[in-house]
Amino acid sequence: MATETVTSGAVAAIGTTGVSRFAGILSALRRSPAGFIGFLIVAFLVLVTAIGPFFTPTVEPNVKEILLPLGSPGHLLGTDNEGKDVLIQMIDGGRSVIFIGFLAAAISTALAIVLGSLAAYLGGWVDSAVVTAADVVLTVPQIVLLAVLGALFKLDSPFLLAVLVGGLSWPVLTRAVRSQVLSLKEREFVEAARLLDLGTARVVFVEILPNMASFILMNFMIGVTNAIYSLVGLYLLGLAPLTGSNWGIMLNRAWIAGAIFNDASLGFILSPVVAIVLLLLGLVMMTRSLEEILNPRLRDR
Amino acid sequence: MSGAVDPPAQQLIEGPADEPRPSAARRFFSAWLVRRLAKAVLTVFLVSTLTFFLVRLLPGNPVDTYIQTQIAQTGISYDDAAAQAKNLFSLDPDEPLILQYVQYMANLLQGDFGTSLLSPGTTVAQVIQTYLPWTLFSVGIAQILSFVIGIVAGMIMAYRRESWIDHLLTSVGSLLHAIPNYIVAILIVVFLGVKLQVFNLTEARGSYTPGVEPSFSLYFLNDILYHATLPILAYLLTTVGSWALVMKSSTVETLGEDYVTVARARGLTDGRIRAGYVGRNAVLPLFSQLAVSLGFVVGGSIFVEKIFGYQGIGYSLYNAVSGRDYPVLQGIFLVVTISVVVANLLADVLYSRLDPRIRVGGKAKG
């Protein structure tokens, strides 16, 4: 890969308008094989699970077709312990997981950027308040609190789940953003901007934040990854309502039915496993190449 | 930091209002430590209060629910049901809320979390004493292994960038980083346990073989390590990838710093630059993540321990959640949170020792 093209991609990516930045990311992604593959995987899964359900027939339990193996005629991925087709459930079951994951990550990333950078830059009571709040929320193990909440209340709305997961996962990134800004704000260009009296918002969001764009983007993806992790985990343990069907609920049913100990139900247990791993892997691959491309410092040497 | 920065530059960084007394570095650190301790106490206090609100105040809270079900199921009077609830939850539902709250806090201070609903006669403190050490044991070993392996792998990747070993380790790291711990646990069960029969899953359940006396013998150590192998493997596999990737990024960033170029220009040996200049600085950001990661892994024990049947705190938490054993739930939640608070405190103290800039930041925020 030629250095010039990478640099131009990075320059486009750190452009000032939203459009050129997005286009820059896309064109940069195409140049990084791993990132492009990751992007394709995520795009494929998003498209199939968003559009697919309009074309799939309703799955009905069928006692005559319980636990058919992989590759059975008419049931490519076999059937589950109730005789329902696994492939159709896979297509129907990704939507809510992906949607809640991205929504939760968007919520936590937005919170983290604003809180973290303002805390570090302003210092004083703002910093104390944000750090204390972050410490409190951060030290509460998210999965444990979600499990407790799941035991106490019915977490039956996707929005509620996204708000809960997103509202609990801002502290990691907030602290990271804060410590980055803490060291960035001592650099000369920030001093210069402050001496020019450009105003807090401009210094923080225009001078400091673009230096950590890759970092934030990476953390948004990590946020999606973590949200999907929490979410599927909640479903797996049966702590989120098990109505309807999604990949997490399939895992839960496979697990409850003892499918992990049963050789015949390999397709039933491995299908959601593979889908979740592919989705998360795609996100991580995208993240990593974006990180390298957006941050020329990672490439130069 | 005294003498490291000349006064005018110091003013620019700190702002004129917060000019530190240069001679007071030692005094300042102890004050920082006091503040940090106060924050830890505040965190525990806030989380306990939150728990009280969850358990006692919100509609459909477990105390009211318990009283209602007792009256509905056994036909006892409200007073009897309330008396039972008082015993179980260690708070008296008939007292004014503020008194209940004070009582609850006083009980917590004495380590009294109430009594288990599912196994009557067992206090929550006993449940925690039985299960928590196993989780700390398995998670602790996994964390140390994972951190060390991750750092070494990350530095190798950064130093051998664009070589086959970088590509290999990066791919493996991304893959491991992407896979949730419960999926790894399920895959271990499916492939190592059922398909290949490498590991006897039934034998490995529990935290030690029934009948073996806990003691400080080599035999017992061997036994508990055997039972902890699969959980440790699952934790290790799911955390080592992210440590390696973060360390790689951090090392690559550090390699570009001027002081590394200067060190090279001065003709220092590669080994000295690697350990003293690059490694030490690159690993700094990772320390601040260590405690966070610990909380994450302990939280993840609810999945891993349940899937392997390893009887630690996650296992009992799952049982408490599915059996709606609220006192145990509340107790475990608090104890796990307090463990993470303490871990965070230690990590912060360590981090501030290693990176004085953070203490400067702490001073500036006043």
Side-chain angles (χ1 to χ4, degrees), chain A residues 34 120 123-125 127-128 131-132 135-136 138-145 147-153 171-172 175-176 179 182-183 185-186 191 225 228-229 232-233 236-239 251 255 260-263 266 269-270 273 276-277 280-285 288 291 295 297-298 300-301, chain B residues 12-13 15 39 42-43 46-47 54 58 60-62 161 170-171 174-175 177-180 182-183 186-187 189-190 194-195 245 249 252-253 255-256 285 288 292 295-296 298-300 302-303 306-307 317-318 320-322 324 326 329-330 332-333 336-337 340-341 344 357-358 361 364-366:
Chain A
W125 68 267
D127 191 34
S128 303
V131 169
T132 310
D135 277 354
V136 173
L138 183 68
T139 41
V140 181
Q142 201 189 104
I143 280 296
V144 180
L145 181 56
V148 171
L149 289 173
L152 292 171
F153 310 103
V172 180
R175 271 169 59 135
S179 63
L182 267 186
S183 74
K185 82 172 194 183
E186 318 217 335
E191 267 173 39
T225 317
I228 290 175
Y229 162 80
V232 174
L236 171 67
L237 291 184
L239 297 176
L251 268 185
W255 183 37
I260 51 177
F261 301 108
N262 183 351
D263 227 14
L266 219 53
I269 183 91
L270 285 187
V273 163
I276 291 162
V277 168
L280 297 181
L281 186 63
L283 285 167
V284 168
M285 285 163 81
R288 293 194 35 70
E291 184 196 7
N295 192 348
R297 297 176 62 188
L298 287 181
D300 280 352
R301 281 154 283 265
Chain B
L12 270 180
I13 294 165
K39 197 155 72 184
L42 177 75
T43 308
L46 285 176
V47 170
L54 281 178
L58 288 176
N61 71 68
R161 249 152 38 89
T170 304
S171 312
S174 303
L175 183 69
H177 169 67
I179 305 181
Y182 44 84
I183 300 261
I186 288 175
L187 290 175
V189 168
V190 169
V194 179
K195 274 265 172 197
L245 295 180
S249 304
V252 170
E253 295 250 357
L255 281 173
S288 63
V292 174
F296 184 75
V298 169
I302 190 173
F303 306 121
K306 180 61 195 163
I307 290 170
L317 177 67
Y318 174 78
V321 167
S322 54
R324 301 290 188 269
Y326 298 109
L329 207 62
Q330 170 197 332
I332 291 178
F333 175 56
V336 167
T337 307
V340 180
V341 170
N344 264 307
R357 282 173 301 183
I358 295 307
K365 82 177 183 244

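The figures that follow rest on heavy atoms only: side chains count, while hydrogens, waters and symmetry mates do not.
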Interface moiety of [X] toward chain A, non-hydrogen atoms closer than 4.5 Å:
| X | value |
| --- | --- |
| B:Tyr318 | side chain |
| B:Leu187 | side chain |
| B:Val321 | both |
| B:Leu317 | side chain |

Using 0.5 Å steps for rounding, measure from the [atom1] atom of [X] to the [atom2] atom of [Y].
| X | Y | atom1 | atom2 | value |
| --- | --- | --- | --- | --- |
| B:Leu175 | A:Met285 | CG | CE | 9.5 Å |
| B:Ile307 | A:Leu236 | CD1 | CG | 5.5 Å |
| B:Ile179 | A:Thr225 | CD1 | OG1 | 12.5 Å |
| A:Ile143 | B:Phe303 | CD1 | CZ | 3.5 Å |
| B:Ile183 | A:Ile276 | CD1 | CD1 | 4.5 Å |

Considering all heavy atoms of both residues, which atom of B:Ile302 and which atom of A:Ala147 are nearest to each other, and what is their separation?
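Where B:Ile302 meets A:Ala147 most closely, the heavy atoms are CD1-CB, 4.1 Å.
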
Closest approach of A:Pro141 and B:Gly299, non-hydrogen atoms and distance?
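Smallest heavy-atom distance, with atoms named: CB-CA, 4.4 Å.
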
Main-chain N/O of A:Gly233 paired to B:Tyr182 side chain as donor or acceptor, under 3.5 Å:
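Yes, the answer is positive, given that a donor and an acceptor are paired below the 3.5 Å cut-off.
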
What part of A:Leu145 lies closer than 4.5 angstrom to a heavy atom of chain B: side chain, backbone, both or neither?
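Contact with chain B: backbone and side chain both.
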
If you count heavy-atom pairs under 4.5 Å with chain A, which of B:Ser322, B:Gly300, B:Ala320, B:Ser174 comes out on top?
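Most pairs with chain A among the choices: B:Ser174.
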
